[in-house]
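Following: one structure in structure tokens, then a few remarks.
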Amino acid sequence: MRAWRKTWVAVVSVFILASPLLGGPQSSSPRPFNLIRWNHGKFIFGVDYYPEAWPESQWEKDAEMMQAAGINFVRMGEFDWVKMEPEEGHFDFSWLDRALKILSAHGIHAVLGTPTAAPPAWLYAEYPDIAAVNAEGIRYRFGSRRNYCLNNPHFLQATRQIVTALAEHYKNNPAVIGFQIDNELGNPYCFNRYCLAAFQNWCRNKYKTLDALNRAWGTVFWGQTYTAWSQIPLPWNTLFGVHNPSLALDYDRFFNDSTKSYLELQARILRRIAPNKAITTNEMGLFDAIDYSKLNTALDFVAWDNYPMFDQNHSNYFGPALAHDLMRGSKNNQNFMVMEEEAGLPGWTMFWGHQAPAALYRVWAYQAVAHGADGVCFFRWRTSTYGTEQYWQGVLDQDSYPNARYRIIARMGKEIQRLTPVLEGSHVVSKVALLVSPDSRWAFHIQPLTKGFNYNRQLYRYYDAFRRRAVNVDVVFPQDNFSAYKVLVAPSLFVVNAELVRKLTQFVRGGGLLILTYRSGVKDSHNVYTTLTLPGRLAPLVGIAIHNYDPETTQQQKIVMSNGTSYPADVWFDILTPTSARVLATYGEDFYAGKPAVTINRYGRGAVIYVGTEPRSSRFYSGLVQLVARRTGLALGPKLPNGVEMATRQKAGEKIIFLLNYTSQPQSVDVGAVTRNALTGQAENESVPIPPYDVRVLTRR
Ligand code: GLA
């Protein structure tokens, strides 16, 4: 590497205020970012575009077709490092300038990806150790993408260089309104010497003394006491494939922090050089290697990649709905955008799934809007003729024929501009929140409990039950404020610390209803098992003691409600001894038949429901939602038919109601009031018909 690059001076990490239009970087301004204003008053309606892979003669035609479909936004460049820097230190943005010129002549603005997800072959050739090393100690080699080490100094230096050049080149170009940092950050875990040294350093910063670390991790077990920082390993493969769970949880936090500092390294450069451009990155919903609530503080707004076809177990609608809500919740419930919205069948070496009717892509895109998106960008404009993703359908196929997907998206393009004044300034407002604990999720990865355990499945089960009654749900994280909610659902809150217990206690004391489930309060923040009777620090709040439990293996178990109704249950069975709680259900089988399985405890002005197992029937959860509504006064919406969703956004004096029909049958929903169709302006009766694979957007004052 050249001397000038070696001596590159690190960028001063001072945040410079961005223009008032953008609201400035969020870390220095609490004002919410307004995506529509940012996109010059237009709802962001875009495509992910790869002009570099098509003859330049086609670009003009592409832009015309985009404009005709109402496209006003593209994301480009996120894998183009080698085209932007074909040789070390020599930059060429001329091709991108030409593409931007054509697009902007058609009223299309761009977000440019910093291209660091695909480092050039020349960089690997010069510094082979920029590649990550896997848990077996094998270094990845060039090929594919994203296989770099986040702590390699040469890679960080090369990153500074390309991001600086990109920001310098585009800082005054009005066609570029922002940057996407990298692409889908969050992998791979790396076990090379750079990450090893960085982890040891991270541990030293956290624990200060080896004594403190040894105590916190309980290294007395299997004689793992460390007498020098340099002895601390990474959780690489060992003879039995297991590590101290405390070390493993700290590694997950370290990886999260490494990802965050890599993102922030880029964000600082972009903010310093191009303070008027907005910054985001494209995230992955329920992907759980990353705690997005920690990552997102440096971004102006959240963007994420939504592929509903991956979610075949969840009827293809409540799955993406939860992911939208989680992404919104990862940055204080600010409106967000979808940077990659599915626009065709996914596939790499094989096609993944079956073809969806074109009309469904419009419904999924409206679903994003219903959950708080102020922008939808379809992946990708046209299916590739080259490379790994030849089977991943874009809006157009390789032949550029204006197919049914193009036509349905063009229809939405027209509609969404008409809806923009209605949508602008509106937000999702919820009285129910689902608490996601990244520490618990990581701890369950490290020790997965039983074969059948799945943290996300519990999130879905409770989420579905509220959503089937058209109740909006927010996703919150342990550091958030819970006071705006009537109901908080915190499934398997495995890892807790004193602060979280204090906040939950305050929430319930103040009148909130908290739902906790099995395996809560088991671990402290070092992933060490509590010596208190379970549910540990939560026991006084829950009003129960757990003196025995039964992990599901093969037995059939069920719970019996006080009215005699029973529901099958599995995964785990906590056998509850009420101390102050009242029993809502008991077990039906085995040596603990008749013992409490579900309880409710009044505490302060609120109450805590504890579900000691995982009921399998959705009827259990819908019954629970009704009980919760009776106790808290939570307003339930209509009982929705299967395959139909209802979600609302609101702003001063106005509710915007979205009815989404994901089925091939006509459906109708009684929304309980006369509304106005936001697209036609016509009044709608209380019972609103929704044709197959269609959407109704209604307003109500
Ligand atoms: C992700 C990536 C895209 C593309 C799609 C389809 O979302 O961000 O670059 O690879 O998946 O595979």
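Side-chain atoms are counted along with the backbone in the values below, which use heavy atoms only and exclude waters and symmetry mates. Numbering of residues begins at 1 and proceeds along the displayed sequence.
Side-chain atoms of Arg619 never come within 3.5 Å of backbone atoms of Tyr567 as a donor-acceptor pair (strictly under, hydrogens ignored). Put simply, the side chain of Asn472 gets close to the backbone of Thr648: a donor and an acceptor are under 3.5 Å apart. Checked by atom type and distance alone, the side chain of Ser246 pairs as donor or acceptor with a backbone atom of His526 at under 3.5 Å. Remark: the backbone N or O of Tyr462 is not paired with any side-chain donor or acceptor of Arg467 at under 3.5 angstrom. A donor-acceptor contact shorter than 3.5 Å is absent between the side chain of Lys486 and the backbone of Leu634. The backbone N or O of Leu234 lies less than 3.5 Å from no partner atom in the side chain of Tyr251, so there is not a single donor-acceptor pair. Not one N or O on the side chain of Ser622 forms a donor-acceptor pair closer than 3.5 Å with the backbone of Ala465. Between the side chain of Asn335 and the main chain of Ser426, a donor-acceptor pair closer than 3.5 Å is present. Although no hydrogens or angles enter the test, the distance criterion places no donor-acceptor pair under 3.5 Å between the side chain of Asn282 and the main chain of Met339. At least one donor-acceptor pair under 3.5 Å links the side chain of Arg146 to the backbone N or O of Asn187.
Between Tyr307 and Trp392, the ring planes lie perpendicular to each other; the angle is over 60°, past the 30° to 60° tilted range. Between Trp364 and Tyr361, the ring planes are perpendicular. Angles over 60° get that label, and only those under 30° would be called parallel. Below 30°, between 30° and 60°, or above 60°: for Phe494 and Phe444 the angle between ring planes is below 30°, a parallel geometry.
Using a 4.5 Å cut-off on side-chain heavy atoms (C-beta onward), Tyr603 and Thr505 make contact. Between Tyr693 and Arg362, the closest side-chain pair of non-hydrogen atoms is not below 4.5 Å. When side chains are defined from C-beta on, Trp217 counts as touching Asp250, because their heavy atoms get closer than 4.5 Å. Counting heavy atoms from C-beta on, the side chains of Ile609 and Val628 come closer than 4.5 Å. At least one side-chain heavy atom of Glu283 sits under 4.5 Å from a side-chain heavy atom of Asn296. The side-chain heavy atoms of Val428 and Ser430, taken from C-beta on, include a pair separated by under 4.5 Å. No side-chain heavy atom of Leu345 sits under 4.5 Å from any side-chain heavy atom of His354.
What you find for Asn256 and Ala289 is that their closest heavy atoms are OD1-O, 4.1 Å. Gly329 and Asp480 make their closest contact through O-OD2, 4.3 Å (heavy atoms, listed as atom of the first residue, atom of the second, distance).
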Using the salt bridge (Lys or Arg N to Asp or Glu O under 4.0 Å) rule, take Asp325 and Arg328 through it: C-alpha gap first, then chi angles, then the decisive distance, then the call.
CA-CA 5 Å; Asp325 291 343; Arg328 192 182 69 243; 2.6 Å; yes
Evaluate side-chain contact (heavy atoms from CB on, under 4.5 Å) for Phe379 paired with Asp305, printing each intermediate quantity in order.
CA-CA 9 Å; Phe379 185 88; Asp305 299 344; over 6 Å; no
Go through it in stages, so that I can follow the logic: the residues are Arg616 and Asp570, the test is side-chain contact (heavy atoms from CB on, under 4.5 Å), and I'd like the CA-CA distance, side-chain angles, deciding distance and then a yes or no.
CA-CA 7 Å; Arg616 272 208 308 271; Asp570 56 16; 2.9 Å; yes
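Annotation: cation-pi pair Lys503/Phe482 present, NZ/CZ under 6.0 Å from the ring centroid and within 45° of its normal.
Between Trp304 and the choices Phe336, Phe287, Tyr292, the side-chain contact (heavy atoms from CB on, under 4.5 Å) rule is met once, by Phe336. With Pro320 as the partner, the side-chain contact (heavy atoms from CB on, under 4.5 Å) test is satisfied by one option alone out of Glu341, Gln367, Glu342: Gln367. No option in Tyr518, Phe620, Trp572 other than Tyr518 meets the side-chain contact (heavy atoms from CB on, under 4.5 Å) test with Glu614.
Salt-bridge formation is not detected for the pair Asp291/Arg253: no Lys NZ or Arg NE/NH1/NH2 atom is positioned less than 4.0 Å from an Asp or Glu carboxylate oxygen.
Scored by the salt bridge (charged side-chain N to carboxylate O under 4.0 Å, His left out) test, Glu184 finds no partners at all (sequence neighbours excluded). By the side chain to side chain contact (heavy atoms under 4.5 Å, CB included) test, Gln650 pairs with Val429, Lys655, sequence neighbours left out.
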Exercise answer: donor-acceptor pairs, residues 532-551 side-chain atoms, under 3.5 Å, sequence neighbours excluded:
| residue | atom | partner | partner atom | Å |
| --- | --- | --- | --- | --- |
| Asp550 | OD2 | Gln555 | NE2 | 2.7 |
| Asp550 | OD2 | Tyr592 | OH | 2.5 |

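Using modelled atom types and a 3.5 Å distance limit, the side chains of Tyr610 and Asp574 yield a donor-acceptor pair. Checked by atom type, the side-chain pair Thr613/Gln557 shows no donor-acceptor distance below 3.5 Å.
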